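Note on naming: letters A, B, ... go to the chains in the order of the sequence lines (proteins, then strands), and numbering restarts at 1 for each one. Being a predicted model, the structure only gives us computed values, none of them experimental.
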Protein chains: 2
Amino acid sequence: MDKETIYDIRQFNRFYTKVLGLFNNQILDTNYSLTEARVLFEISERTECFANNLVQELNIDRSYMSRILRKLESEELIEKKSSIIDSRKNFLFLTKKGEELLDKINIQSDEQIIQLFTGLTSSEINEIRTSMMVIKEKLEKNKF
Amino acid sequence: MDKETIYDIRQFNRFYTKVLGLFNNQILDTNYSLTEARVLFEISERTECFANNLVQELNIDRSYMSRILRKLESEELIEKKSSIIDSRKNFLFLTKKGEELLDKINIQSDEQIIQLFTGLTSSEINEIRTSMMVIKEKLEKNKF
DNA sequence: CTCCTTTAGTTGACTTTGTCCACATTTGAT
DNA sequence: ATCAAATGTGGACAAAGTCAACTAAAGGAG
């Protein structure tokens with residue numbers, strides 16, 4: 001890899017840090033943090049979800065995850081149900097209230113995306129989309 | 001924008017959060033945080049740099065920035081020199097020691113990039129690079 | 001089965017990171 | 001001359017994240 005390529009990639013990384021930062025700091029008008037939102041999202045995406053899946057997927061310390069989950073449980077956004085097969089594990093799932101919150105967050109997140117792209121032509125949007133998929137597919141197959 | 005497009009973009013954002021997270025957690029064998037590294041980087045990139053530039057570019061609270069700068073100064077990585085034209089402002093610049101640290105961080109960052117891309121062919125790497133530049137240019141011209 | 005290692009999750013104590021607000025000083029505009 | 005806005009500082013605090021020790025259960029190997 002030549003210097004220019006590395007330079008461009010690092011520049012992109014700095015740039016995209018800023019883009020993502022924008023979203024994350026627009027902490028939506030719920031009282032929940034990005035991390036909590038991501039936890040809810042991951043729980044809803046999985047048919048079976050344990051704390052440890054989240055720890056790995058979101059790269060969060062397990063003690064910290066434990067506290068996050070306890071908080072979400074105390075606010076009745078999720079429920080834990082101990083597994084019969086392996087009683088160390090707890091199945092995690094969203095409550096009705098948790099699903100509603102996630103819906104709300106999803107709507108807001110979609111709107112953030114729309115805002116970011118407003119002003120671009122649909123062919124430009126498509127170019128970006130395609131570019132994103134290229135990056136994701138190639139890096140994913142390589143490392144993730 | 002249709003639902004599928006928004007979906008793909010959000011998926012990319014989640015994915016790239018993970019990629020960036022990898023890097024950020026690896027500021028390893030210096031005792032400095034990613035934020036401190038970014039501050040040093042920005043100071044070195046600018047011919048004239050004031051605290052407020054950093055606050056805006058890096059999206060960091062100004063009281064927090066004040067403390068970061070004080071820490072960096074106390075460790076002799078940067079120096080402040082009060083502006084004659086506007087005595088509220090301090091010119092910021094790297095000391096020799098700061099430059100050396102930044103060099104070290106840059107080398108490590110380059111290596112992280114190389115690691116991430118090892119395993120891909122050079123045409124794949126080029127596709128990714130081009131894709132990144134498309135995304136950056138289009139979004140930058142639109143919003144940033 | 002028993003012993004041992006590994007895995008899942010919890011807790012306490014702590015550090016780091018980030019936020020909010022009030023404040024001093026200085027500048028620039030009217 | 002006055003007043004609003006900009007720049008940076010400091011106190012007090014809250015949120016986010018880390019580390020080590022611990023319980024308890026599960027999965028072997030012999």
*Under 3.5 Å, is there a donor-acceptor pair between the side chain of A:Asn142 and the main chain of B:Leu116?*
yes

*Taking the nucleotide of DNA chain D with the closest heavy atom to each, which residue, B:Asn90 or A:Ile84, is nearer the 5' end?*
B:Asn90

_B:Phe50 CZ to C:dT26 P, straight-line distance once rounded to whole Å_ = 16 Å

*Sub-3.5 Å donor-acceptor pair from the side chain of B:Lys97 to the main-chain atoms of B:Glu75, do we have one?*
yes

*Within this structure, what is the CZ-to-C1' distance between B:Arg70 and C:dT17, rounded to whole angstrom?*
15 Å

_Whole-Å gap separating P (C:dG9) and CD (A:Gln56)_ = 10 Å

*Could you please spell out the steps behind the salt bridge (charged side-chain N to carboxylate O under 4.0 Å, His left out) verdict for A:Lys141 and B:Glu124?*
CA-CA 12 Å; A:Lys141 111 175 179 233; B:Glu124 283 176 316; 2.3 Å; yes

_Overall bend - the helix from C:dC1-D:dG30 to C:dT30-D:dA1, comparing terminal axes fitted on five pairs, nearest 10 degrees_ = 30°

*Contact class for B:Ser63 vs. all strands (heavy atom < 4.0 Å): base, sugar-phosphate, or nothing?*
base

_Short side-chain to backbone donor-acceptor contact, A:Asn53 and A:Phe50, under 3.5 Å_ = yes

*Using a 4.0 Å heavy-atom cut-off across all strands, classify B:Leu92 as base, sugar-phosphate, or nothing.*
nothing

*asked:* So does A:Leu77 get a backbone contact from the side chain of A:Thr95, meaning a donor-acceptor N/O pair under 3.5 Å?
replied: yes

*Is A:Ser33 near enough to D:dA15 that one of its side-chain N or O atoms lies under 4.0 angstrom from OP1 or OP2?*
no

*Please answer: with hydrophobic residues joined when any side-chain heavy atoms are less than 4.5 Å apart, are B:Leu40 and B:Val55 in the same cluster?*
yes

_Would you say B:Thr35 places a side-chain N or O within less than 4.0 Å of OP1 or OP2 belonging to C:dG18?_
yes

_Once you apply a heavy-atom cut-off of 4.0 Å, does B:Asp61 come out as touching a base, just sugar-phosphate, or nothing?_
base

*N/O donor-acceptor pair, side chain B:Arg67 with base D:dG11, under 3.5 angstrom*: yes

*Can you check whether any acceptor in the base of D:dG8 is under 3.5 Å from a donor in the side chain of B:Arg62, or vice versa?*
yes

*Expressed in angstrom and rounded to an integer, what is the separation of B:Leu69 atom CG from C:dT17 atom P?*
14 Å

*Between C:dC21 (C1') and B:Tyr64 (OH): distance, integer Å*: 18 Å

*asked:* Need one value for B:Leu54: base, sugar-phosphate or nothing, where a base atom within 4.0 Å counts as base even if backbone is also close, heavy atoms only.
replied: nothing

*Which residue lies toward the 5' end of DNA chain D, B:Lys89 or A:Lys71, if each is placed at its nearest nucleotide?*
B:Lys89

*Ignoring hydrogens and angles, are the base of D:dA26 and the side chain of A:Arg88 linked by a donor-acceptor pair under 3.5 Å?*
no

_Rounding to an integer number of Å, can you tell me how far B:Met65 CE sits from C:dT17 P?_
13 Å

*asked:* Could you go through A:Glu57 and B:Lys18, starting from their C-alpha distance and side-chain angles, then the distance that decides it, and tell me whether this counts as salt bridge (charged side-chain N to carboxylate O under 4.0 Å, His left out)?
replied: CA-CA 9 Å; A:Glu57 177 66 26; B:Lys18 231 172 17 171; 3.2 Å; yes

